Amino acid sequence: MPDYSQYNTNAAALTDAHVAAYMAWYHVAIVCYLFGAAAFAAYWFFRNRPTAATGGLLAAAGVVCQATSLGVRWVYSGHVPWNDLYGSLSVVTLFAVSLFLIFGARFGAGMWFAGPIVLTVSFALLLYAQGWNKGLEPLVPSLQNNYWIYYHVPVVLAAYAAFLIAFATSILYLLKKGDEERLAAAGKSVGAAVATARPAWLDWLDLVPASGALEVITYRVIAIGEILLTVGIILGSLWAHDAWGSYWQNDPKELAALTCWIWYAAYLHLHTRPSFRGPRLAWMSIIGFGAVLFCYFGVNIWISGLHSYK
Amino acid sequence: MKSVAASKRTFVDDLLDVLSNVLFPVVVFLIWAVMTTIGTIVDQNQDVQHYYDMYPAAVANLILRLHLDAVLHSIPYFSLIVLLLVSMTVCTFRRVIPKRFPKDRAVPIEAFGLHGSAQSTAGDATISRTEQFLRKNRFALRSLEVDGSHWVFGDKDKWARYGVLVAHLGFAIIALGVFLGWLAGFKGELQIFDGATAAVPQQTDLAIHLDKFTAQFQPVETPNGTFYQASKFESDVGVIEAGATTKTDIIVNHPFLTKSGVYFYQASYGFGGRIDLTRNGKPVSLSGTGRLMPGDQIFLPGTSREIDYVTMLGPSDPSQVPLGVPLPRTDEYAMWVIHDNVPTTSRPLLVPVGKTIDVGDGYSLAARAPIAWTGLTYRRDPGEGFVGLGAAVLVAGFVMALFFVPIKLYVRVHRDVRGFIVDVAATTTKGNTIYEGEFKQLLAALERALEAGDGAPAESAVETAYA
């Protein structure tokens with residue numbers, strides 16, 4: 001007969017109050033991102049400092065609330081909060097918004113125009129993640145007794161966050177590039193020619209950095225993301241070596257992550273050719289983020305494998 | 001001349017040109033990505049029937065006829081990686097090294113995307129001040145006199161130019177490690193019952209004895225009921241290697257490494273069913289180990305009856321109990337009794353441990369307590385050290401190549417009627433835009449450094465063009 005006393009009843013003893021505690025912070029973060037996205041969208045039209053500052057403050061407040069939510073969940077569960085899809089989505093949006101704020105501080109007003117894209121995607125991801133919140137559960141054995149979980153998961157999620165930022169800057173790049181080409185076609189001029197060259201709702205593009213600068217930012221973010229993804233895959237391989245007896249299992253998640261790695265490696269190789277820099281690489285970045293989404297959601301939700309943590 | 005030179009080109013030259021062209025690995029990358037995606041989506045190496053069960057017949061036919069069911073272990077898939085390695089090697093020697101390490105030589109400065117000029121009022125001190133300024137800005141310098149002009153060549157973060165080489169080297173070392181593992185490694189899985197010993201087939205002096213397997217589970221409350229989640233698997237074993245026994249316990253995430261380099265991992269577990277069979281009160285011996293595993297069949301001698309063992313349910317392995325179904329108080333075995341190929345009941349029989357049931361034709365079956373077994377994966381991989389080293393080298397190369405921006409400066413100091421002029425051109429490994437802003441600042445600062453020193457600002461002569 002099994003020894004019933006070995007059963008840890010802490011999980012059963014956890015009440016909804018614990019879940020409500022971390023969800024309260026989570027919901028505040030969602031609201032912050034929603035209003036932050038609205039403030040940054042307003043910045044497209046008003047283009048004044050207070051509007052951007054409001055968006056930045058709301059995004060920062062969202063980051064703090066989300067970090068608190070994750071911390072509370074960590075304390076109550078007794079293990080890392082990114083053990084399931086809900087927790088990992090929360091972490092990836094936390095990283096994405098943090099990275100956006102860091103780049104905003106580094107590159108100035110130009111990056112704030114990416115705010116509506118980054119914060120709307122983050123808002124949507126958090127809203128979606130709620131449906132996967134299963135409360136506080138004990139860790140399965142493969143996630144226990146190891147230190148890789150502290151490094152592998154956050155590093156990979158940080159890579160995803162970097163690719164999300166690159167996705168946003170690539171969209172900005174395409175808009176700006178199109179705008180520059182429209183203006184050039186209109187006679188590289190000002191006044192009436194400019195007015196007829198683009199719709200009024202795109203006037204905010206005046207303040208966006210030149211397409212060349214956006215292309216450099218995208219490249220830099222993807223370079224960081226690719227390094228993080230490489231390190232994340234290697235850390236995952238080391239963990240797989242300890243847990244499953246092989247550093248590579250051809251598990252769907254491993255393969256999908258490899259696909260992302262290959263795709264962005266192709267991007268970085270093409271970037272060495274000046275003739276390929278430009279819209280083609282921006283589209284590669286956008287499609288690459290699609291591959292990241294597939295790796296993240298597609299594999300976790302629809303394809304069963306060793307990484308099907310939901 | 002051109003046509004003569006062209007005519008001397010051989011097929012090998014053309015082939016090497018193709019292999020060293022950066023578009024070649026990009027195309028291979030994209031094909032690799034597509035094939036890997038197919039391998040992700042389509043289950044690999046399954047029975048034919050599996051694909052017809054999973055997909056509509058037309059899709060299953062397509063998968064099987066295009067061999068998409070075995071993409072990841074196909075020759076084309078491995079060929080892509082070999083092609084990448086070949087391309088990487090050729091590219092390294094034909095393109096990366098020559099282009100990444102441009103020679104110090106007089107160049108047409110105005111032809112560079114990043115170039116500009118600064119007029120000096122420092123007179124004969126122009127050269128020394130220029131060099132001093134560039135050194136302060138972390139440029140390593142070399143000088144040369146060409147056609148009456150003084151040339152200074154500066155490099156910043158030159159070491160980072162090795163990044164691509166280092167990354168390529170890391171990739172090659174990983175490939176070498178994988179090849180070694182494939183060539184000289186082995187792996188497999190042992191299922192060992194409590195108290196039993198199993199030998200590693202590939203290494204006959206290595207065996208493992210299971211003293212005890214422990215499985216622990218935690219109840220998790222959900223709105224739909226309680227389910228039991230595994231919380232710990234532990235195998236207390238004795239590893240017998242060359243006659244010596246080492247006692248240890250193996251848990252998930254903590255493999256045991258033998259002296260001969262074989263890892264043992266906690267991979268799976270289960271419980272073997274145990275029954276006593278009697279006919280008319282006399283014991284009937286069972287063939288095999290006497291421990292039942294799911295799918296096992298027992299043919300009852302002298303009858304057309306058989307027992308099909310399904311599984312064990314109960315507190316020994318509560319994770320097998322479906323969500324919301326109460327956990328049985330004792331372990332019980334689910335099994336079918338088949339007579340003339342027809343089940344005798346509409347649902348599987350549940351036989352609690354300690355109970356005896358009549359299965360017909362004088363046969364009785366008594367359920368005994370189950371016995372645990374552990375599944376231990378073993379693996380020996382002589383290439384894993386190379387894979388680890390290659391991974392570290394690859395990351396180092398990536399950081400060097402992607403994070404840093406090596407700059408090469410070409411500086412020409414010459415004199416015309418206005419005095420000393422300092423022409424500067426810059427190249428990077430990542431295009432001009434990435435260094436555009438810093439280059440402007442560098443030129444402006446250089447011009448300030450070249451002022452006469454009498455307090456009078458020199459007239460601005462910075463002219464920067466950006467391609």
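Within every chain, numbering begins at 1; the chains are lettered A, B, ... in the order of the sequence lines, protein sequences first and strands thereafter. None of these values were measured; they are calculated from a predicted model.
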Which answer fits [X], side chain, backbone, both or neither, if we ask what part of it has an atom under 4.5 Å from a heavy atom of chain B?
X	answer
A:Ile224	side chain
A:Ile233	neither
A:Ala265	both
A:Leu270	both
A:Phe276	side chain

task = Return the orientation label for the A:Tyr264 and A:Phe163 ring planes: parallel under 30°, perpendicular over 60°, tilted otherwise.
result =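 If you compare the ring of A:Tyr264 with that of A:Phe163, the planes turn out parallel.
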
Chain A contact via [X] - which portion, at a heavy-atom distance below 4.5 Å:
X	value
B:Tyr263	side chain
B:Ala267	neither
B:Tyr265	side chain
B:Leu394	side chain
B:Asp381	side chain
B:Gln44	neither

Verify whether one side chain among [X] and [Y] offers a donor that lies under 3.5 Å from an acceptor in the other.
X	Y	answer
B:Glu234	B:Thr214	no
B:Glu384	A:His241	yes
B:Thr36	A:Thr259	no

inquiry  = For B:Lys212, is there an ion pair with B:Asp249 - N to carboxylate O distance below 4.0 angstrom?
reply    =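 No salt bridge links B:Asp249 with B:Lys212.
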
query = Any salt bridge between B:Lys440 and B:Glu438, counting N to O under 4.0 Å?
reply = no

Return the option, out of [options], with the maximum number of heavy-atom pairs under 4.5 Å with chain B.
options	result
A:Phe294, A:Trp261, A:Trp248	A:Trp261
A:Val216, A:Leu255, A:Ile262	A:Ile262
A:Ala243, A:Gly298, A:Ala210	A:Ala243
A:Asn250, A:Val231, A:Ile217	A:Asn250
A:Trp148, A:Trp263, A:Tyr247	A:Tyr247

Max heavy-atom pair count under 4.5 Å with chain A, selected residue of [options]:
options	value
B:Val395, B:Leu23, B:Thr377, B:Val399	B:Leu23
B:Leu72, B:Val353, B:Leu402	B:Leu402
B:Tyr378, B:Phe233, B:Phe29	B:Phe29
B:Thr40, B:Val178, B:Asp43	B:Thr40

ask   = Would you say the side-chain atoms of A:Lys176 pair up with the backbone N or O of A:Val208, donor to acceptor, closer than 3.5 Å?
value =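 Between the backbone of A:Val208 and the side chain of A:Lys176 there is a qualifying donor-acceptor contact (under 3.5 Å).
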
inquiry  = Given 3.5 Å as the limit, does a donor-acceptor pair link the side chain of A:His269 with the main chain of B:Val26, or not?
reply    =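 Pair absent, no side-chain N/O of A:His269 close to backbone of B:Val26.
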
query = Considering all heavy atoms of both residues, which atom of A:Arg273 and which atom of B:Val22 are nearest to each other, and what is their separation?
reply = CG-CG1, 3.1 Å

query = Do you know which two heavy atoms are closest between A:Thr218 and A:Ala166, and how far apart they sit?
reply = CG2-O, 3.9 Å

ask   = What do the steps show when you test A:Thr169 against A:Tyr219 for side chain to side chain donor-acceptor pair (under 3.5 Å), and what is the final call?
value = CA-CA 10 Å; A:Thr169 54; A:Tyr219 167 79; over 6 Å; no

remark   = dist B:Arg379:CZ -> B:Phe186:CZ (nearest 0.5 Å) comes out at 10.5 Å

